[in-house]
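First comes the structure, then the notes that go with it.
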Amino acid sequence: MKRIVVDGLPDDPLAASGVFHQHWLAHVEATLGQGEDVMLQLPAADHTHREWRCAIVAGLARKHAPVRVNLVAGEGAALATSESYLAAAPGVTGQYLEV
């Protein structure tokens, strides 16, 4: 499983979604297109970011199945624990997890 650390997102949810689509989406899709499972790591954000994050990870999961993609928001040791869990859970894809 490849971890892609997404950074440089604005605080505004609409702007953050736009930056993700403009600067990160092609890279993520290229990785998935090579058959590699992906864990997207984004910084923690408030509830106003939840909808666009859920939509992007669900859409990517549908488009690239059976390759898996999940989005984990947070920081610290919980990210490594999440990555270990997701790598060993072949049925989990398209999820947005806040740690």
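Everything numeric here is computed off the predicted structure, so don't read it as measured data.
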Are [X] and [Y] connected in the hydrophobic side-chain network, where two residues link if heavy atoms are under 4.5 Å apart?
X: Tyr85; Y: Val57; answer: no
X: Leu14; Y: Val19; answer: no
X: Tyr96; Y: Val6; answer: yes
X: Val67; Y: Trp24; answer: yes
X: Val72; Y: Val38; answer: no

Please assess Val69 against His64 for the test side chain to side chain contact (heavy atoms under 4.5 Å, CB included), listing each intermediate value before the final yes or no. CA-CA 8 Å; Val69 58; His64 293 280; 5.9 Å; no

Do you know the tightest heavy-atom contact between [X] and [Y]?
X: Pro43; Y: Ala73; value: O-CB, 3.9 Å
X: Thr93; Y: Ala61; value: OG1-CB, 3.6 Å
X: Ala45; Y: Glu98; value: O-OE2, 4.5 Å
X: Val92; Y: Asn70; value: O-ND2, 3.1 Å
X: Ala16; Y: Trp52; value: CB-CZ2, 3.8 Å
X: Ser82; Y: Met39; value: C-SD, 4.4 Å

[atom1]/[X] to [atom2]/[Y] distance, rounded to the nearest 0.5 angstrom?
X: Arg68; Y: Leu60; atom1: CZ; atom2: CG; result: 14.5 Å
X: Met1; Y: Ser84; atom1: CE; atom2: OG; result: 10.0 Å
X: Leu32; Y: Leu40; atom1: CG; atom2: CG; result: 7.5 Å
X: Glu51; Y: Ile56; atom1: CD; atom2: CD1; result: 13.5 Å
X: Phe20; Y: Leu42; atom1: CZ; atom2: CG; result: 6.5 Å
X: Arg3; Y: Leu86; atom1: CZ; atom2: CG; result: 10.5 Å

Donor-acceptor under 3.5 Å (Asp37 side chain, Lys2 main chain):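 No.
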
Looking only at atom types and distance, does a side-chain atom of His23 sit under 3.5 Å from a main-chain N or O of Leu9, one as donor and one as acceptor?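 Looks like no, no N/O pair under 3.5 Å.
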
Does the pair Val28 and Ile4 meet the rule for a side chain to side chain contact (heavy atoms under 4.5 Å, CB included), with working shown? CA-CA 8 Å; Val28 173; Ile4 298 176; 4.1 Å; yes

More than 12 non-hydrogen atoms from neighbouring residues, nucleotides or ligands closer than 6.0 Å to CG on Asp46, yes or no? yes

